[in-house]
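Structure first, then comments.
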Amino acid sequence: MTYILRRLGFYLIAAWVSLTLNFFIPRFAPGDPASALQARFQGKLEPSAMAAMKVAFGLTDEPLHVQYFTYVKNLLRGDLGTSIAYFPAPVSEVIGKALLWTLFLAGLAVLVSFALGTLLGILTAWKRGSWLDSVAPPTFIFLGAFPYFWMAMLLLYALGFVGGWFPLLHAHSSHLSPSLSLEFIGDALYHAVLPAGSIVIASLGGWLLSMRNTMIGVLSEDYITMAQAKGLSERRVMLHYAARNALLPNVTGFGMALGFVLSGSLLTEIVFSYPGQGYLLFEAVKSQDYPLMQGLFLSITVAVLAANWLVDIAYVWLDPRTRS
Amino acid sequence: MSSTPPPAASRARPGEPLLSVRDLCVEYVTPTGPVRAVDRVSFEIGRGQVFGLAGESGSGKSTAAMAAMRLLQPPAVITGGEVHYEGRDVLAMGEDELRAFRWKEIALVFQSAMNALNPVLTVGAQIADVIERHENVSSAQALERAAELLALVGIESSRLRSYPHQLSGGMRQRVVIAIALALNPPLLFMDEPTTALDVVVQKEILQQIAELKERLGFSILFITHDLSLMLEFCDTVGILYAGRLCEVAPAKELFANPQHPYTRGLMRSFPELHGPKQRIEGIPGSPPDMRSPPSGCRFHPRCSVAIPVCDQEQPQLITLAAPALARAVGAETDTPDAPVGQQRGHRVACHVAAQTAGSSDV
């Protein structure tokens with residue numbers, strides 16, 4: 001319990017550091033939103049209107065530390081500013097919907113990939129030298145060498161465009177509005193098959209290989225020999241004695257991979273015009289929507305930190321040695 | 001392999017040994033060819049008997065025991081010999097039969113309790129799973145039995161919910177022993193059960209094993225490199241060198257009359273607790289490289305009494321005749337309870353010992 005709280009403290013500090021960086025980096029970068037705004041209207045705006053706009057977007061000439069405190073204060077209230085591209089919608093509202101879709105897509109992909117890869121890793125290590133062991137690892141390492149978005153384009157073309165079995169874009173059919181009905185969930189899953197599938201195919205090999213490697217290490221431990229000597233069923237030895245122990249390093253890797261998959265899914269979203277954060281980020285960069293970009297970076301960071309904390313909790317549950 | 005196996009019929013008669021290992025050979029398959037780690041090792045363990053297997057690290061003692069339980073992992077392969085347990089051919093058992101046989105008949109106590117317990121399962125779960133596996137009981141009953149077993153080795157039942165890392169080294173070894181006794185097996189393999197423990201705890205554990213043996217009457221295959229433990233604990237002792245048995249004798253007989261130069265060397269390697277101070281001589285040289293073992297007797301490069309035939313011919317394990325043995329030793333060494341050369345005999349594989357002592361038969 002104290003371990004989990006200690007980890008929470010660590011992630012809160014990490015979150016603070018990242019939101020501070022998130023504040024300062026854009027301000028030290030060349031170009032500024034005010035002049036971008038000016039350029040956007042190409043001087044066709046009256047100076048008074050321009051000034052009103054600056055106030056609306058919170059663009060002031062106050063000293064940095066004053067701006068920083070205003071920024072933190074607003075953040076704590078959940079106020080991320082106003083989007084320029086989606087004016088006058090507040091950033092938090094724009095991000096909110098997109099964040100849900102991204103978490104759905106990336107979460108689904110990462111869970112399926114982790115589960116499948118780990119299972120294949122267990123089986124290949126358990127039956128070392130079998131046909132499965134000689135086919136699966138090289139195949140998925142080969143597939144893992146492709147970038148996510150390339151795999152996405154390939155699947156989109158082959159299964160979506162040529163085959164016509166899956167939808168080409170968006171997260172759900174346009175005639176359905178988001179709800180928790182079975183029909184909508186089924187539709188959303190159907191739309192997620194290709195984007196999530198491309199991430200799964202490209203990231204499975206990593207899980208497979210790392211699980212297989214730790215499994216092989218664990219299989220030479222004395223407690224495995226003892227479990228065999230006890231005459232336990234093959235299933236119990238494989239799952240409760242070998243895999244249960246080999247899983248631990250992989251779970252740590254799971255937390256670290258989340259950020260990677262999330263950033264990879266951003267590109268996948270663009271390929272499928274998926275209404276997630278990646279698509280939004282793309283739009284934000286195109287229209288130089290600084291508040292939106294900042295909000296996106298922040299929400300991605302917080303999502304990864306939160307996921308890592310959940311992984312820590314899972315780790316405590318899995319490894320009794322971290323409990324004391 | 002090249003040896004002709006004795007007829008395997010009718011071994012289940014009463015009075016027959018519980019476990020009989022004949023000409024067991026184990027080879028490790030390596031890129032440079034097979035390495036024979038256990039070479040035609042034979043021994044028997046009777047009911048209630050303790051057989052000790054001694055030798056240096058790498059002499060093949062653990063490998064031989066693992067082979068007898070069919071627990072070897074590739075690249076180690078059994079390439080010859082026979083293992084019979086109560087007349088049942090262990091090497092011929094199918095996968096299912098083997099899983100039912102293990103632990104029910106032969107249980108194992110590992111040398112390092114640190115690594116023998118699964119770190120992510122509770123002690124109770126690790127005792128209960130083997131009971132549930134082999135006996136038709138509910139998990140509640142199995143846990144109840146687990147508590148009794150812990151009590152048997154002097155651990156309170158609240159420890160059932162403990163994980164291995166929460167126990168001391170001595171307690172962990174007791175837990176391992178409790179697991180070994182879970183099905184009340186007739187035979188226990190103990191592979192250096194106390195090596196990883198400090199001397200005081202070592203003593204306690206050994207005493208406990210001895211007490212439990214008295215109470216439950218199981219037989220033990222005791223594997224160690226500690227000869228003084230052997231004397232205390234074993235009825236019969238076999239000395240392994242480079243995968244071959246070089247001497248087998250009742251414990252007291254072996255310690256009174258070691259015949260093989262290697263056994264004698266081992267004896268001299270341990271300080272005497274009583275008597276005058278002596279310089280420990282040890283054995284010159286180091287164990288052979290098993291990839292290319294010496295010809296003839298594998299000990300001859302380190303042997304101080306080697307004769308020309310030693311690097312030519314592999315000595316066979318022969319039984320020393322009682323009178324001849326007495327003559328060779330040239331002293332009255334009989335002890336009341338263990339007459340020299342009798343009690344299943346004193347066997348040695350050494351050209352020199354055979355020449356000086358004379359032999360009866362193979």
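Per chain, numbering begins at 1; letters A, B, ... match sequence-line order. Please read these numbers as outputs of a predicted model, since none were measured by experiment.
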B:Val120 and A:Leu248: CA distance, side-chain angles, deciding distance, side-chain contact (heavy atoms from CB on, under 4.5 Å) verdict: CA-CA 10 Å; B:Val120 298; A:Leu248 298 174; 4.2 Å; yes

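The 12-atom threshold is not exceeded at CZ of B:Arg161, counting heavy atoms of other residues, nucleotides or ligands nearer than 6.0 Å. Sparse packing is recorded around CG of A:Leu182, with 12 or fewer heavy atoms of other residues, nucleotides or ligands lying under 6.0 Å away.
Taking each heavy atom of A:Pro320 and B:Pro119 in turn, the nearest pair found is CG-O, 3.3 Å. Heavy atoms only, all atoms of each residue included: A:Tyr223 and B:Leu117 are closest at CD2-O, 3.5 Å. Residues B:Trp103 and A:Ala229 come closest through the heavy atom pair CE3-O, 3.1 Å. Residue B:Gln126 comes nearest to A:Lys230 through the heavy atom pair O-NZ, 2.6 Å, listed as atom of the first residue, atom of the second, then distance.
For chain B, no part of A:Ser220 is nearby; none of its heavy atoms comes within less than 4.5 Å. With a threshold of 4.5 angstrom between heavy atoms, B:Leu183 does not approach chain A through any atom at all. Residue B:Arg133 touches chain A through its side chain alone, counting heavy-atom pairs closer than 4.5 Å.
In this structure, CD in A:Glu234 is found 5.0 Å from CZ in B:Arg99, a value given to the nearest 0.5 Å. Note that CZ of A:Arg236 is 7.5 Å distant from CD of B:Glu132, once rounded to the nearest 0.5 Å. We find the CD1-CG distance between A:Ile224 and B:Leu71 to be 12.5 Å, quoted to the nearest 0.5 Å.
Among the candidates B:Ile179, B:Leu98, B:Asp96, the residue making the largest number of heavy-atom pairs closer than 4.5 Å to chain A is B:Ile179.
Side chains of A:Gln228 and B:Arg102 form a contact here, defined as non-hydrogen atoms less than 4.5 Å apart. Side-chain contact between A:Thr225 and B:Phe110: present, with at least one pair of heavy atoms (C-beta onward) separated by less than 4.5 Å. A heavy-atom distance below 4.5 Å is not found between the side chains of A:Leu219 and B:Gln73.
Using modelled atom types, one side-chain atom of B:Asn118 and one backbone atom of A:His240 make a donor-acceptor pair closer than 3.5 Å.
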